[in-house]
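Presented below is the structure to which this report refers.
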Amino acid sequence: ALLRRGVMRPAGRAALLKAAATASDTDKVKLIGALNALYQTPKEELAAEIALVREALQSDDAALKRQAAITLAHLDPEAEDAAVILRGHLKNERGNLDYNSVHALRLLGPNAKPALDDMIKLLDDERAAYNALNVLEAMGPEAAPAIPKATELLAGDQTFYPAAKFLGSVGPAAKPAIPELLAQLDHPRRMQQAAAALGKIEAPSDQVLPVLYKHLRDPHLRDPAVAALGDLGETGRDALPVLHKAMKLGDPELTAVAAGALGPLGDVASGSADELVNVFSSTDVQVLTFAACSLGRISAPPERAVPALAK
């Protein structure tokens with residue numbers, strides 16, 4: 001902890017580099033691991049630190065090589081060669097998932113592609129599938145070969161959420177998963193994430209909206225269904241009249257949910273400024289909060305938004 005805090009200061013970084021020059025491999029593991037704390041520092045300012053890490057990457061010591069790859073992923077997310085090394089450290093000597101190595105792959109995003117096949121294999125391990133899906137999500141469209149297995153994992157309680165996020169990150173290439181995602185719209189707790197994925201996949205609105213509209217008649221599903229409409233992106237454009245109507249029914253809770261749903265639609269809901277301004281006549285704090293947030297997110301014209309907010 002002291003090492004990590006120390007490297008946040010230039011003097012501490014200089015001292016670490018000096019110590020590493022004569023340190024044993026065992027101590028270098030600790031010193032290099034401390035550099036992970038610099039993950040938010042622009043890599044252009046870390047030339048000496050990255051050089052140290054890359055030197056350790058050539059070590060014959062397995063522990064040092066592993067730590068160097070993990071740290072390189074923190075300092076330089078474009079370092080695809082780190083992914084090549086991390087492939088050999090996905091599980092520890094006990095056969096359990098090495099979470100630090102997997103997290104490092106996630107930091108590499110699309111540059112973790114050398115480990116794509118390894119991540120797909122981990123999807124068959126129920127103890128590792130959740131974390132593997134997170135790495136695949138970070139890879140985005142590069143991880144399209146994982147779509148079939150991820151679609152199967154939508155059925156799992158532990159894997160639904162990361163599987164849906166991954167499929168959304170792939171975009172339109174994940175359209176084969178549309179039927180399974182549509183089925184998830186019948187689950188109150190899964191509805192919003194499924195809708196978000198369907199929106200990013202660009203699922204046809206005539207397939208998605210009828211399912212959510214059906215739930216508007218159920219008092220137990222109404223609010224999550226309205227919120228889900230706001231997560232559809234461009235697919236949700238046709239739902240704007242429904243959201244506008246929901247804001248006028250006199251139910252403060254429904255008004256708040258509908259107003260909040262317009263925000264995530266962003267530019268798709270740019271013409272909804274008047275509807276949002278009109279609900280500022282409410283005295284309900286939740287309604288006002290959601291409406292104010294959405295006004296900013298849809299880039300409402302200042303001449304309409306500012307007077308309402310000023311009140």
[atom1] of [X] to [atom2] of [Y]: how many Å apart, nearest 0.5 Å?
| X | Y | atom1 | atom2 | answer |
| --- | --- | --- | --- | --- |
| Thr159 | Asn131 | OG1 | CG | 12.0 Å |
| Lys165 | Phe160 | NZ | CZ | 11.5 Å |
| Arg66 | Leu90 | CZ | CG | 10.5 Å |
| Lys214 | Leu209 | NZ | CG | 13.0 Å |
| Leu153 | Glu126 | CG | CD | 11.0 Å |
| Glu152 | Asp124 | CD | CG | 8.5 Å |

Do the non-hydrogen side-chain atoms of [X] and [Y] ever get within less than 4.5 Å of each other?
| X | Y | value |
| --- | --- | --- |
| Glu202 | Glu234 | no |
| Leu86 | Asp98 | no |
| Pro224 | Met191 | yes |
| Asp231 | Leu265 | no |
| Leu31 | Leu52 | no |
| Met247 | Leu276 | yes |
| Leu185 | Leu198 | yes |
| Lys113 | Leu108 | no |

Are Asp157 and Arg189 close enough for a salt bridge, meaning some N to O gap below 4.0 Å?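 Result for this pair is no, no salt bridge flagged.
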
Do you know which two heavy atoms are closest between [X] and [Y], and how far apart they sit?
| X | Y | answer |
| --- | --- | --- |
| Ala273 | Pro301 | CB-CD, 3.9 Å |
| Val53 | Ala68 | CG1-O, 3.1 Å |
| His89 | Ser101 | O-OG, 3.1 Å |
| Val279 | Ala291 | CG2-CB, 3.6 Å |
| Gln286 | Ala256 | CG-CB, 3.8 Å |
| Val287 | Asp284 | N-OD1, 3.0 Å |

What pairs with [X] under side-chain contact (heavy atoms from CB on, under 4.5 Å), at least two apart in sequence or on another chain?
| X | answer |
| --- | --- |
| Lys65 | Ile85 |
| Lys91 | Leu122, Asp125 |
| Asn36 | Arg4, Gln67, Ile70, Thr71, His74 |

More than 12 heavy atoms of other residues, nucleotides or ligands under 6.0 Å from CG of Asn96: yes or no?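 Yes, because the 6.0 Å sphere around CG of Asn96 holds more than 12 heavy atoms from other groups.
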
Take atom CD in Gln207; do more than 12 heavy atoms of anything else shown fall under 6.0 Å from it?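 Result for CD/Gln207: enclosed.
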
Applying the side-chain contact (heavy atoms from CB on, under 4.5 Å) test to Ile178, which of Val208, Ile201, Thr151, Leu167 qualifies?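 Exactly one option meets the side-chain contact (heavy atoms from CB on, under 4.5 Å) with Ile178, and it is Ile201.
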
Holding to salt bridge (charged side-chain N to carboxylate O under 4.0 Å, His left out), I want the full list of residues that pass it with Asp81, two or more places apart in sequence or in another chain.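 Asp81 satisfies salt bridge (charged side-chain N to carboxylate O under 4.0 Å, His left out) with Arg54 once adjacent residues are dropped.
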
Salt bridge (charged side-chain N to carboxylate O under 4.0 Å, His left out) with Asp27: which residues, sequence neighbours excluded?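 Once residues adjacent in sequence are excluded, Asp27 has no partner under the salt bridge (charged side-chain N to carboxylate O under 4.0 Å, His left out) criterion.
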
Qualifying residues under side chain to side chain donor-acceptor pair (under 3.5 Å), relative to [X], sequence neighbours excluded:
| X | answer |
| --- | --- |
| Glu137 | none |
| Asp118 | Arg87 |
| Glu180 | none |
| Asp218 | none |

Hydrophobic cluster identity match, [X] and [Y], side-chain contacts under 4.5 Å:
| X | Y | result |
| --- | --- | --- |
| Val268 | Val257 | yes |
| Phe280 | Leu249 | yes |
| Leu16 | Leu57 | yes |
| Ile50 | Leu64 | yes |
| Leu72 | Val135 | no |

Give every donor-acceptor pair under 3.5 Å between a side-chain atom in residues 38-47 and any protein atom, sequence neighbours left out.
unit_1: Thr41; atom_1: OG1; unit_2: Leu38; atom_2: O; d: 3.4
unit_1: Lys43; atom_1: NZ; unit_2: Asp76; atom_2: OD1; d: 3.1
unit_1: Lys43; atom_1: NZ; unit_2: Glu78; atom_2: OE1; d: 3.2

For Leu133 and Tyr161: C-alpha separation, side-chain torsions, deciding distance, then whether side-chain contact (heavy atoms from CB on, under 4.5 Å) applies. CA-CA 9 Å; Leu133 285 165; Tyr161 187 78; over 6 Å; no

Taking only residues at least two apart or on different chains, which pairs with a member in residues 240-255 satisfy salt bridge (charged side-chain N to carboxylate O under 4.0 Å, His left out)?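 Residue pairs with at least one partner in residues 240-255: Arg222-Asp251.
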
Do Lys200 and Ser169 pass the side-chain contact (heavy atoms from CB on, under 4.5 Å) test, and can you show the C-alpha distance, the side-chain angles, and the key distance before you say yes or no? CA-CA 7 Å; Lys200 291 175 181 177; Ser169 75; over 6 Å; no

Could you verify whether a donor N or O on one side chain and an acceptor N or O on the other, from Asp186 and His215, lie under 3.5 Å apart?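 His215 and Asp186 do have a side-chain donor-acceptor pair below 3.5 Å.
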
Run the side-chain donor-acceptor check on residues 292-299: report pairs under 3.5 Å with partners two or more places apart or on a different chain.
unit_1: Ser294; atom_1: OG; unit_2: Ala259; atom_2: O; d: 2.5
unit_1: Ser294; atom_1: OG; unit_2: Gly263; atom_2: N; d: 3.1
unit_1: Ser294; atom_1: OG; unit_2: Phe290; atom_2: O; d: 3.3

